[in-house]
Protein chains: 2
Amino acid sequence: MGNVNIKDLAHALGLSTSTVSRAFRGNSDINPKTKERILAQAKEMNYLPNHYASNLRDQRSHTIAVIVPELANNFFSQAINGIEKIAQKNGYHILIYRTGDDFEKEVSFINALHNGRAEGIIMSVSGESQNHSYLKTLKAKGIKLVFFDRVYDDIPASKVITNDYESSFLATKHLIEAGCKRLAYLVINKKLSIGKMRMQGYLDALKESSIPFDEELIINCSNEAEENHKILRKVFTNLKPDGVFASVERLAIASYYTCQHLGLSIPDDMKIIGFSSLEIAPLLNPSLTTVTQPAYEMGIKAATLLFDSLKSPEPAHDFETLVLESKIIQRKSTS
Amino acid sequence: MGNVNIKDLAHALGLSTSTVSRAFRGNSDINPKTKERILAQAKEMNYLPNHYASNLRDQRSHTIAVIVPELANNFFSQAINGIEKIAQKNGYHILIYRTGDDFEKEVSFINALHNGRAEGIIMSVSGESQNHSYLKTLKAKGIKLVFFDRVYDDIPASKVITNDYESSFLATKHLIEAGCKRLAYLVINKKLSIGKMRMQGYLDALKESSIPFDEELIINCSNEAEENHKILRKVFTNLKPDGVFASVERLAIASYYTCQHLGLSIPDDMKIIGFSSLEIAPLLNPSLTTVTQPAYEMGIKAATLLFDSLKSPEPAHDFETLVLESKIIQRKSTS
DNA sequence: TTGTATGCGTTATCAT
DNA sequence: ATGATAACGCATACAA
């Protein structure tokens with residue numbers, strides 16, 4: 001495939017490879033004129049220092065990895081935007097991995113990343129209830145790890161999260177103040193740390209308002225739209241809740257569809273609030289009251305933490321946990 | 001950082017590095033028992049073949065790059081999902097780059113990718129009106145290129161697009177049949193190939209219906225929500241169109257906001273149709289009539305084309321252009 | 001089946 | 001300011 005290397009270039013110029021190499025590095029001593037000549041010839045011959053050779057030499061890949069459950073999701077795509085911005089600023093490249101909430105995949109991605117491909121990893125996790133020892137070997141390899149949004153509490157690492165407990169408490173209170181008596185809590189996976197914190201906020205708000213807790217109203221949903229439909233149709237019909245707190249965006253959406261299907265009016269028959277990063281929540285019918293996380297900013301912060309630790313001397317004992325604030329934005333679905 | 005290499009492992013086992021190496025390659029002759037021993041010890045010592053060394057050896061990065069204008073966008077994130085699926089199936093990693101519609105960035109990403117980091121590139125472009133010669137040197141490096149959705153007509157490469165002209169023609173006809181007389185066409189960048197095809201469909205549909213073409217009603221918008229607001233407020237107030245064809249999703253959304261702001265009723269005062277991959281178009285107020293591209297499938301196809309060409313022997317002269325069909329889904333915004 | 005030796009392309013060290 | 005050389009970690013051709 002006729003690739004040009006530093007030797008070809010040196011030969012073409014009648015110089016040594018070391019001199020040519022110097023032209024591409026910032027610091028080294030080199031005659032400006034020689035450098036100019038080299039750069040010109042390089043352009044001519046379409047030469048660029050080989051990434052793999054360079055990185056083998058100095059053991060830096062200038063690459064970070066991002067592992068998320070989902071890409072086609074407003075929260076994660078906005079967060080990745082933030083990560084991307086910081087990475088670009090630092091001249092780093094981004095590898096993207098999507099787990100689809102499959103823990104096996106998460107493990108296999110992490111294992112594959114032990115080979116030096118990436119200097120650091122930013123991850124939102126999918127296996128709260130699992131064994132996390134597969135993450136421990138990263139440290140030995142000098143690979144830095146930062147969690148965001150969905151984290152493992154038992155793994156020491158920097159973390160960027162939101163005040164899930166508090167905003168869930170407030171969201172539930174909001175439904176109660178709007179007049180709801182039977183509040184359903186919709187969750188994808190009860191065991192995820194996110195799910196737990198959010199549920200605790202819900203539970204405590206009920207208790208504070210002396211609303212009896214009904215276990216039946218904790219609804220375990222899925223990642224499949226069709227299945228959620230089926231579940232919610234049954235729940236809305238049989239258990240007749242008058243308020244829904246969706247712990248993730250897609251469950252709020254599913255609730256809308258189900259209400260539409262069953263002819264239930266929002267907010268008259270059913271009030272809905274949900275975690276969501278949907279930019280067009282105001283345009284829904286009716287507009288959706290949301291708990292909105294600062295997704296983009298979380299990406300910025302997570303990446304910033306990672307690069308800080310990448311720049312600092314090797315060991316990292318002092319892990320930071322950044323807690324950003326979600327906002328409850330009241331709209332017509334609860335009014 | 002105490003990294004283990006093949007030598008350490010070989011030493012620990014009393015074997016040669018070549019034998020150890022063989023344990024990690026699929027094909028080579030090696031005693032199954034020896035292999036087992038090696039793998040066990042490798043696990044013990046947390047050894048994995050160094051990615052950069054391997055790839056320097058055999059000149060394959062097992063990595064592809066994806067360059068898109070935007071990540072937090074339903075169309076692109078769904079397309080990337082498709083790409084991701086195929087890449088995973090092939091054991092490849094994905095580098096992601098976001099141009100933000102900045103042509104300079106596109107060029108600089110491409111230039112950086114000449115160094116062997118990726119074996120192939122899947123791109124949706126941002127600089128139709130620019131000089132594209134910076135792409136020509138990829139071929140000499142053996143780096144394969146596939147375009148999707150937004151393509152450069154003057155660059156020979158495989159392409160995955162949708163029937164933009166036809167669906168725009170039909171979308172415009174749909175507005176006309178719904179009774180619109182003054183149809184605005186909203187576009188971000190007139191010069192993009194996508195924009196051109198879509199506009200031509202609009203123009204021809206007007207002509208076929210003997211509706212006079214009013215240059216004023218071709219509205220050049222921006223990527224900024226605020227600016228679009230300003231533009232649309234002015235247009236809707238002064239030019240009083242009764243129908244809007246949004247060539248990209250965000251302009252349909254902006255139109256909704258502007259109508260809301262101006263107190264215009266959709267569809268009574270203004271009918272709206274737009275290209276969109278929004279999953280919740282049915283939930284908008286009113287539900288949005290869309291031209292929906294098969295985003296996920298486009299990603300699948302683009303990646304498949306790329307891997308086909310990666311697997312085939314070096315030269316690639318026979319470029320394919322795949323045209324997938326968009327669907328017009330009629331909802332209340334035009335009824 | 002295993003070991004030895006060489007080269008992938010680059011860059012830092014040392015010498016000139 | 002420039003050149004020769006060794007080493008980064010691995011995988012293959014070849015030898016045993």
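Lettering of chains follows the sequences in order, A, B, ..., and the numbering in each one begins at 1. Computed from a prediction, not measured in an experiment: that's the story for all the values here. No hydrogens, no waters, no symmetry mates; every other heavy atom, side chains included, goes into these values.
- Across all non-hydrogen atoms, the minimal contact from I122(B) to A303(B) is CD1-CA, 3.7 Å.
- Nearest heavy-atom pair, A72(B) versus N81(A), reported as atom, atom and distance to 0.1 Å: CB-ND2, 3.6 Å.
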Contacts table for residues 34-41 of chain B: side-chain donor-acceptor under 3.5 angstrom, sequence neighbours left out:
unit_1 : atom_1 : unit_2 : atom_2 : d
R37(B) : NH2    : L13(B) : O      : 3.0

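- Between N5(B) and dG9(D), a side-chain N or O to OP1/OP2 separation shorter than 4.0 Å is present.
- Distances shorter than 4.0 Å separate none of the side-chain N or O atoms of T19(B) from OP1 or OP2 on dT2(C).
- Within 4.0 Å (heavy atoms only), S54(A) reaches sugar-phosphate atoms of the nucleic acid but no base atom.
- With sequence neighbours left out, the ring-ring contact (aromatic ring centres under 6.0 Å, His included) criterion links F24(A) to Y47(A).
- Where T17(A) and P32(A) meet DNA chain D, the nucleotide closest to each residue was compared, and P32(A) sits on the side nearer the 5' end.
- Here CG of L113(B) is found 9.5 Å from CE of M123(B). Values are rounded to the nearest 0.5 Å.
- Side chain of D8(A) to backbone of N5(A): a donor-acceptor contact under 3.5 angstrom is found.
- Of the side-chain N and O atoms in R57(A), none sit less than 4.0 angstrom from OP1 or OP2 of dA6(D).
- Within the 3.5 Å criterion, the main-chain N or O of G127(A) finds a donor-acceptor partner in the side chain of H132(A).
- Taking every heavy atom of residues 37-53 of chain B and every atom of DNA chain D, pairs under 4.0 Å involve Y47(B), L48(B), P49(B), N50(B), A53(B), by number.
- For dT5(D), neither phosphate oxygen OP1 nor OP2 lies less than 4.0 angstrom from any side-chain nitrogen or oxygen of S18(A).
- Distance check, rounded to the nearest 0.5 Å: OG1 of T137(B) to NZ of K43(A) gives 10.5 Å.
- Atom CD1 in I83(B) sits 6.5 Å away from atom CD1 in I64(B) (nearest 0.5 Å).
- Picking from dT1(C), dG9(C), dT11(C) the nucleotide with the shortest atom distance to the side chain of L56(B) gives dG9(C).
- In this structure, the CZ atom of R25(A) is 18 Å from the P atom of dG9(C), given to the nearest Å.
- An angle of 40°, rounded to 10°, separates the two end axes of the helix from dT1(C)-dA16(D) to dT16(C)-dA1(D), each defined over five pairs.
- No donor-acceptor pair under 3.5 Å is formed between the side chain of K144(A) and the backbone N or O of L305(A).
- Other residues, nucleotides and ligands contribute more than 12 heavy atoms inside 6.0 Å of the NZ atom of K159(B).
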Report, one line per pair, each donor and acceptor closer than 3.5 Å where one atom sits in a side chain of residues 104-111 of chain A; sequence neighbours left out.
unit_1  : atom_1 : unit_2  : atom_2 : d
K105(A) : NZ     : Q88(B)  : OE1    : 3.1
E106(A) : OE1    : S126(A) : N      : 2.8
E106(A) : OE2    : Y134(A) : OH     : 2.4
E106(A) : OE2    : Y152(A) : OH     : 2.6
N111(A) : ND2    : V107(A) : O      : 3.4

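- In this structure, CZ of F24(B) is placed 15 Å from P of dT2(C), rounded to the nearest angstrom.
- Applying a 4.0 Å cut-off to non-hydrogen atoms, none of the residues of residues 7-15 of chain B approaches DNA chain D.
- In this structure, the CG atom of D29(B) is 18 Å from the P atom of dA16(D), given to the nearest Å.
- Spacing between atom CG of D58(A) and atom P of dT13(C) amounts to 12 Å, rounded to whole angstrom units.
- Across the protein-nucleic acid pair, Q59(A) atom CD and dT11(C) atom C1' stand 12 Å apart, rounded to whole Å.
- Look at CD1 on I6(A): it is 12 Å from P on dG3(D), rounded to the nearest Å.
- Put simply, the side chain of R22(B) and the base of dG3(C) share a donor and an acceptor less than 3.5 Å apart.
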